[in-house]
Each structure stands twice: as structure tokens, then as C-alpha cells.
Amino acid sequence: MRPETVVPSATPVDPTTPPPTAPPHDETVPHTHPEPGVDPHPPLARAGRALRVGIGGPVGSGKTALVAALCRAFADELRLGVVTNDIYTTEDADFLRRAGVLDPARIRAVETGCCPHTAIRDDIGANLDAVDELAEAVGPLDLVLVESGGDNLTATFSRGLVDRQIFVVDVAGGDKVPRKGGPGVTAADLLVINKTDLASMVGADLAVMDRDARARRGDLPTLFLSIVGDPTASRVADWIRHELAHHAALHPLAVPVGPA
Amino acid sequence: MATPSLLLLVADGRFPAGAHAHSGGLEAAVAAGRVTDLASLEAFLAGRLATAGLVGAAFAAAAHRAAVPGITDADEAAGSAGVAESAGSARRPDALARSAARSRTLAQLDVELDARTAAPTLRTVSRRQGRALLRAGRAIWPDAPFGDLPASPGGAHQPLVLGLLCAAAGLSRLDTATVAAYGTVTGAASAGVRLLGLDPYQVQALLVGLADACDGTAAEAARAADDPPERLPAAAAPLADIHAEIHATWEVRLFAS
Amino acid sequence: MRALARLVARADGRGGTVLVELHGETPLLLRQTPTDGGVATVHLVGGAAGPLAGDDLRLEIEVGPGAAVRVHTVAASIALPGRPGAVSRMAVSAVVHAGATLHWLPEQLVAAAGCAHLAESRVAVAAGASLRWRDELICGRYGEAPGGAVVHTQVDYGGRPLLRQSLAVGPRAPGWAGPAVLGGASATGSLLVVDPSRPAEPATVDGTVARLPLAGGPATLWTATAPDAHTLRAHLTG
Ligand SMILES: Nc1nc2c(ncn2[C@@H]2O[C@H](COP(=O)(O)OP(=O)(O)OP(=O)(O)O)[C@@H](O)[C@H]2O)c(=O)[nH]1
Ligand SMILES: [Mg+2]
């Protein structure tokens, strides 16, 4: 495990209190930053190559919604690219293009021949090509998000493809999911339990999910999220910022750059 | 010296070269109702082997020949294959000359293969697969002369990369052609299992039945590699072109080709 | 039977084309037919049935700078069996110089049962020249399985390879009738159009006809399969 990846903001919530649902979204506030014109985050150090973050998880858990949320969060902050891996079609890429959260030139879709897990784990060339093509098309990037096709609980990303991986499950899948484990739940650098707004409707006990996640994941962080309530997935974005700083320290720029 | 293990390794469908995402035209043939069962899958594979399989194997063998100049299978069995000469800082003049000759041959093979690939989608697919294979080859055999491949936009054609990669692995020309021919049938066969839900044992039995044809195709391809590039096999399949261009227009598909 | 025929055309300097050489041997006989708007038109008149296995027929065409020639055949040629073990061969080689135009629009080749035939075309098109080149193959006469036939086409444009394809049918061509090659169609063919004045068009498919822009020059290949010769011809008019 890599204890250095644990950040305070990613500490699991106290199981005795129900996990907070995000505050209601205030439409009067520009959604990229809480305060217009003021970036609350210190400028991030630039790395020699983009941090690649994989976003995996079962079908419909909210991976694309999370990618869209992160695009909103980082819109004015990072040079961002997105690679999607659908089982068939380019549905996810098309959704992101339509959603207008990111310049379509910064989105690439990989076709996976019925084997989405193969494309992110065993045979990663097409995804690496897509990452390279993004950089060729739009210039250097700070962050590339790689969304896997919706798959099962065993699908994880190769370390040859991504530096960090986020596994997204949702409460609608039942509060048993963290207990079932599997490499995504147990070993992902960040576990996101999404759609907390639906918990009461599906009878999912978030405290149980939190307890089981801790039991499965040891020190690795888990975050509860409702993208409906927090359209910039702010705590996930914070986690990525922390990982970016760490990544920049590991992969310094070869030559110092002037003002970006 | 090549070992049987290296041959198996390079031919293995799990070798990370992106093959899993391609059906070799089968997805479109299935959608058109032309392949529906084991018998029609067998006919598909036989036709593909005799056309795309032969051409791909011949170009892989020709690229191998360019990488291993003047070494025949017989020589190889007795000695070593000097394919890593482009590595290292002290490149001797004859190594430079060999590299230049290799670049010329590979560039010629590249345009000759373009001329045998009428469907633009198939040209793109071949170059894309070449890029995927090159990524694997460069990571695994960093000293092999992949730098002599033509810098064509979209990447070098897959059989050219395969020829160099097999040479780097120390495989013979015939082994190289076999890997290529074998890949054209096994890729489509496993797509058949996924697309049609065919019994995997029956599909393997079908591949066993095609093994002689596959070896024969490889032997023919390896022999042909001694011919000048313009005389290499050019076996055509109208439906391969038609299927590929139909497939490229689909919005929903399971395979990249 | 061996035969050689030769056709050489030159621009006459007044916008027309003259045939400075036009000779043949049975069964390859060439006849000039009325000129059509500056284009010299020639018909290849089959002097005997065939080709029969064992025949070796060659036609050479040269179209000089700025000249324009159109070649037709008067009837389909039917490749038939002959001496056991022998192969019949029809080789057409053509050179099309700069600014010249060649249309090679013959009738179909029919591969009859038991035939062993090789149809070979080698065409060198100079940069800036134009070409229409049609090949049509009918696999067997009505209700008949074909013998062995290979249609090999090799075209260069401006010294660079443009098209290389060999279509093989018959008992020695595995899978030829199957879903990877002809899918049971008994007619197949292609029309190559080299036209430097026409911008490249994207690939399209309509049923079993595809329009394919080639990599090696300003050229498009129409390729088709069809249930019969008539339908095929309708697909290959470009
Ligand atoms: N109520 C609620 N719905 C959500 C939330 N996040 C995502 N959704 C919805 O869940 C559905 C699936 O979300 P996607 O983002 O497409 O899920 P995915 O994981 O990308 O799905 P695949 O790519 O098909 O595996 C969509 O209708 C989203 O709007 C959430 O936090 N709350
Ligand atoms: Mg998605």
C-alpha cells in the first residue's frame, strides 16, 4: 500500500454519524469556484507528464457523471484530457461532448471488443495510444481521466496505464457491495460510494457500507458522494489535487517553464 | 536463438498488441447474416486465411527478411541473428548502411501494402494495430531496429512491425509468417465465440482443422518473401473491403474492426 | 495458342488521337471503330472460342502524352479447360503517359467449369494521366461451379504502387465462395478510376458495392459482388 496517498480530506467519515450529504447546490454561485474570481487552491506544480487517473466501477454507478463533475471542477485550473472505454459504442464520450463540460478535442473513445477490462488491464496499448493522441492534439496535459467501461467488481486498471485509480460504486447496488470486496473495492486508491441521495430510497445503510469499506480497505480512503448534490464532486477533486502535487514531485518538469 | 517458448509467447492472443478489440471483419459478416454458425465461421476463416492471412504473413516475412539480411532459416538454425545492431552508441558504418537499406525496404513494403489494401478503413486498422504492436515491441525489445520503420502518419502497417518484432525475438522467417497467419484466424475465431455464443470447444476443433492450411499459408508466405515487394501476394477479398467500410459507419459496435 | 497484339496511340496535335500501331494475331484481333470526340476507340475481336487452357495471349497498349484511347471487347471471354494441367493466360500491359487517358472497359471474363486461367493486368499510369480500368469475373456459366481463375491487377501511378490485387476463385482457392470473400455471389468485379482532376471522395458502401479511395494517388476503386453479370455491370459504371 502507499500510505502517502492518504490525505486528510479523504479520511472516511465517522461511522457513528451518518455520512454528510453535500449541501444543497446553490445555483447562484458559479459552479467552478465557490468565490468568483478567487481560486481557493494554490497553483499546482506542473509535472513532466500528466497524472493519469483511472475511474472504474460497475455499470451505471456514476463514472461518467464523476468525470463530468471533475471536468467542471478543474475547468479553469488544469489542462485536462479524458479517455473513455465503452463496451460498445462511444456513448460515454458522446455524453461528455454533449454535456459541454470539456472541449470535444480533449475527449477520446477507445473501442474494446467486448472486453473492457482487457483494454484497461491486460492489453493497454489502445488506451496509451489515446493518451498520446490527446497530447498530440491539444498539447501537454496535467491530468488525464480514463473511464473504464462499466464492468464487474474485479475490473481494475493496470499500473502501466494509470498512476491512480478511483473505483466508483453506488448505494443503489445495495449496501452489500463493499462487503463483497473484489480488487476494485479493496485496492483502488480511492473508493467512491456514489448516489448517497438515493440511500433512503433503496434502503441502503451508509454506516454499514462505511464499516465494510474500512474493513476491506485498511488505510485506503473512501468518500461518500452525491453528484446530484455536489456537481463538482469537490472532495474527489481535492483528493486528485493532492495526488497531483505528489505526482509533480515524483515527475518534475525537465525544464522550468515560464508563466503558463 | 529463438526458443519454442518465444514463438508461443509472440503468437499468444494475450500478447498485449490490441488484438482483442478486433474481429477481423467478422462482426460485419455476422451482422450481414453471412456468418451464423460453425460451418459459415469455418468458411469465413478459410477465406480470410487465404487472402488477408497470406498477404499479412508475406509482408511480415518480408519485413523479417529486411531485419535479418542474408540469413535464411537454415543459417539461423546454425547460428545467430544479428538484429540488434542499431543499438548502442558506437554504430559502425556498415550498421548505418544496413539501417538505411532496411529503411528503404520497409518504406517500399509500406506503400506496397497500402496498394493491397483498397479499403481506407482497413489501412487505418492495420496501421493502428501496427502502432499497438510497436508499443509492445519497443517496451520488450528496446534494442530492435524499430526506428527504421517508415514514419507514416497513423503508424507503420501491422505486418511490418510484426516482422521486426519477430526478428527481435529471434524467430525464423517461417515462424514469423506462422505467427501472422495464425493471428488472422485465431483473432476472428475468438470474436466468433463472443459474437455468436458458439461452443468454444467446437471453435477450437475448427481451428485444429485449419492448422494445416495455416501452416501451408505461412510456408507460402515465407517463400514469397524472397520476391521483390511488388511481387508479394496480393490476394483480395471484395467482401473484406465491403464489410470493413460498412462496419466503420456503425454507431454501435463491439469491435474496433 | 500464342498471340500478341499491340496498340500504340499518339496525340495528333489537333486535339485528336491517332493509332500509330494496331496489330494482332488470332485470337487477339484489334479493330478501330469510329472515333468518339477525339478518343480513339478500339474493339478487341475474339477470333476463336476461349481462351483455352494452354493459350498464352498478350496485349500491349501504349497511350502517348495527351492521347486518349478507349478499348472494348465485342463479347465476354469464356475461359475453358484445355490440355490437362495447362493454364490459359491473358496478359494486358498498358502504359499511359502524362496527360493521356485510357479506358479499358472489356466485357466479362467467365470462368467455366474446369478452366485454369490467369488474367493479368499491369498498368503504369504517369502522374497527371487518367484511367478507367474495369475487370468483371463471372464464376461459372449458368448453374455451373467455376474452374480455377485468378484475376491479377497491378497499377502504378507516377511510379508509385497504386493497386495490387489478385482475386482467386475455384477449387484451389480456399473459402473463395464463403462469407469472407464473395459470400456466394457469382459475379464480382472492380472499376478503377484514376482522375487527377477529381478530388478524393470518402469511402461509401451501398449493399455489396463499395467506393474506396486509394492511398497511392488520385484514384478510386469501385468494388462489388453481385448475383449476376447484369447487376454487376450496373454497379460498376462509376
Ligand atoms: N441520483 C443520482 N443519480 C446519479 C448520481 N450520479 C450519477 N447518477 C445517474 O446515474 C446514471 C448512470 O450514471 P453514469 O455516469 O452514466 O454511470 P456510468 O458508471 O458512467 O455508467 P456506464 O458507463 O454505463 O457503466 C445516470 O442517469 C446519472 O445521471 C448521483 O449521485 N445521484
Ligand atoms: Mg460511463
Side-chain angles (χ1 to χ4, degrees), chain A residues 49 52 54 59 64 83-98 104 107-137 144 146-152 154-162, chain B residues 12-28 30-31 121 124-125 127-140 151 153-156 158 161-162 165 183 186-198 247-257:
Chain A
R49 70 157 177 82
R52 304 196 293 246
V59 177
T64 305
V83 177
T84 64
N85 287 261
D86 279 312
I87 306 185
Y88 31 86
T89 80
T90 49
E91 185 76 33
D92 286 338
D94 295 343
F95 172 84
L96 290 169
R97 292 187 184 112
R98 276 198 312 275
I107 304 169
R108 281 277 187 289
V110 169
E111 287 156 317
T112 58
C114 306
C115 294
H117 51 274
T118 305
I120 61 162
R121 188 184 56 203
D122 312 277
D123 194 348
I124 56 181
N127 269 291
L128 290 171
D129 278 350
V131 171
D132 288 353
E133 283 165 18
L134 277 174
E136 279 160 27
V144 177
V146 184
E147 182 187 341
S148 79
D151 210 308
N152 53 45
T154 66
T156 52
F157 287 85
S158 160
R159 292 281 167 205
L161 174 59
V162 300
Chain B
D12 192 333
R14 283 165 296 189
F15 190 81
H20 67 97
H22 297 269
S23 78
L26 187 72
E27 187 172 23
V30 167
T121 295
T124 304
V125 165
R127 293 187 183 282
R128 187 163 278 276
Q129 291 189 303
R131 248 166 49 193
L133 188 60
L134 182 58
R135 189 183 284 281
R138 282 210 157 111
I140 302 167
Q158 193 268 1
V161 181
L162 183 63
L165 185 147
T186 53
S190 82
V193 172
R194 283 180 263 168
L195 287 167
L196 292 164
L198 295 175
H247 190 262
T249 65
W250 293 358
E251 274 181 16
V252 178
R253 56 183 175 229
L254 293 166
F255 289 87
S257 79

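What you see below is based on every heavy atom in this structure, not just the backbone, and it leaves out hydrogens, waters and symmetry mates. In what follows, chains carry the letters A, B, and so on, assigned in the order in which the sequence lines appear, proteins first and then strands, with residues in each chain numbered from 1.
Contacts of A:Ala126 with chain B are absent, with no heavy-atom separation under 4.5 Å from either backbone or side chain. Only the backbone of B:Ala19 comes within contact range of chain A, judged by heavy atoms closer than 4.5 Å. Looking at A:Asn127, there are no atoms closer than 4.5 Å to chain B (heavy atoms on both sides), in backbone or side chain. For A:Asp129, the parts lying under 4.5 angstrom from a heavy atom of chain B are both the backbone and the side chain.
Atom CZ of B:Arg131 is separated from atom CD of A:Glu133 by 4.5 Å, given to the nearest 0.5 angstrom.
A:Val131 pairs in a side-chain contact (heavy atoms from CB on, under 4.5 Å) with only one of the listed residues (A:Arg49, A:Glu136, A:Arg52), which is A:Arg52.
In this structure, B:Ala191 and B:Leu26 approach most closely via the heavy-atom pair C-CD2, 3.9 Å.
Side-chain contact annotation: A:Thr112 with A:Asn85, donor-acceptor N/O pair under 3.5 Å absent.
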